Amino acid sequence: MSQTYLQGRWGVFKKAADEAPIAFLINGVGMPLTPGGPIFQVARGRLVDSDGHGGPLAAFNDGWVVNYGVNDLGNHLKRLHA
């Protein structure tokens with residue numbers, strides 16, 4: 001799966017089981033969920049938050065996950081359908 005998170009609408013979730021996103025990626029551009037909320041960006045295959053924290057993205061089920069290493073996963077990206 002090549003960098004599909006660069007196309008379409010994606011939600012950024014804290015955990016895979018979460019129902020509500022904390023931010024959006026639209027065609028690879030970060031958008032806050034609410035004014036002043038966190039903004040995430042994709043830079044060289046890494047998902048990075050407003051404070052510069054992040055990690056490399058790895059394919060996970062039908063989406064993507066920040067992979068910090070063995071059994072250490074961060075934010076999840078899930079495709080949002082209109």
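All heavy atoms count here, side chains included; hydrogens, waters and symmetry mates do not. Nothing here was measured: the structure is a model prediction, and the numbers come from that model. Residues: numbered from 1 along the sequence shown.
Of the candidates Ile22, Val65, Asp18, Asn75 forms a side-chain contact (heavy atoms from CB on, under 4.5 Å) with just one, namely Ile22.
How far CG of Leu77 is from CZ of Phe60: 12.0 Å, rounded to the nearest 0.5 Å. Atoms CH2 and NZ, on Trp10 and Lys78 in that order, are 11.5 Å from each other to the nearest 0.5 Å. The CG atom of Leu6 sits 13.5 Å away from atom CD1 of Ile26, with the distance rounded to the nearest 0.5 Å.
In this structure, Gly37 and Pro32 approach most closely via the heavy-atom pair O-CB, 3.8 Å. What you find for Pro38 and Ala23 is that their closest heavy atoms are O-CB, 3.6 Å.
Taking the ring-ring contact (aromatic ring centres under 6.0 Å, His included) definition, one finds that Tyr5 meets it with Trp64, sequence neighbours left out. Among residues two or more places apart in sequence or in another chain, the side-chain contact (heavy atoms from CB on, under 4.5 Å) test is passed with Asp72 by Tyr68.
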Let me have the donor-acceptor pairs involving side chains of residues 41-50, under 3.5 Å, with sequence neighbours excluded, atom names and distances please.
from: Gln41; atom 1: OE1; to: Gly30; atom 2: N; distance (Å): 3.4
from: Arg46; atom 1: NH2; to: Gly54; atom 2: O; distance (Å): 3.3
from: Asp49; atom 1: OD1; to: Asp51; atom 2: N; distance (Å): 2.9
from: Asp49; atom 1: OD1; to: Gly52; atom 2: N; distance (Å): 3.1
from: Asp49; atom 1: OD1; to: His53; atom 2: N; distance (Å): 2.9
from: Ser50; atom 1: OG; to: Ile39; atom 2: N; distance (Å): 2.8
from: Ser50; atom 1: OG; to: Ile39; atom 2: O; distance (Å): 3.1

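No donor-acceptor pair closer than 3.5 Å links the side chain of Lys14 to the backbone N or O of His76. Formation of a donor-acceptor pair under 3.5 Å by the Asn27 side chain with backbone atoms of Gly8 is found in this model.
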* Asked: Please walk me through it: do Arg9 and Leu25 pass side chain to side chain contact (heavy atoms under 4.5 Å, CB included)?
  -> CA-CA 6 Å; Arg9 290 176 46 94; Leu25 283 179; over 6 Å; no

* To do: Could you please spell out the steps behind the side chain to side chain contact (heavy atoms under 4.5 Å, CB included) verdict for Leu57 and Asn67?
  => CA-CA 6 Å; Leu57 285 166; Asn67 184 2; over 6 Å; no

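Between Phe24 and Val12 there is no side-chain heavy-atom pair separated by less than 4.5 Å.
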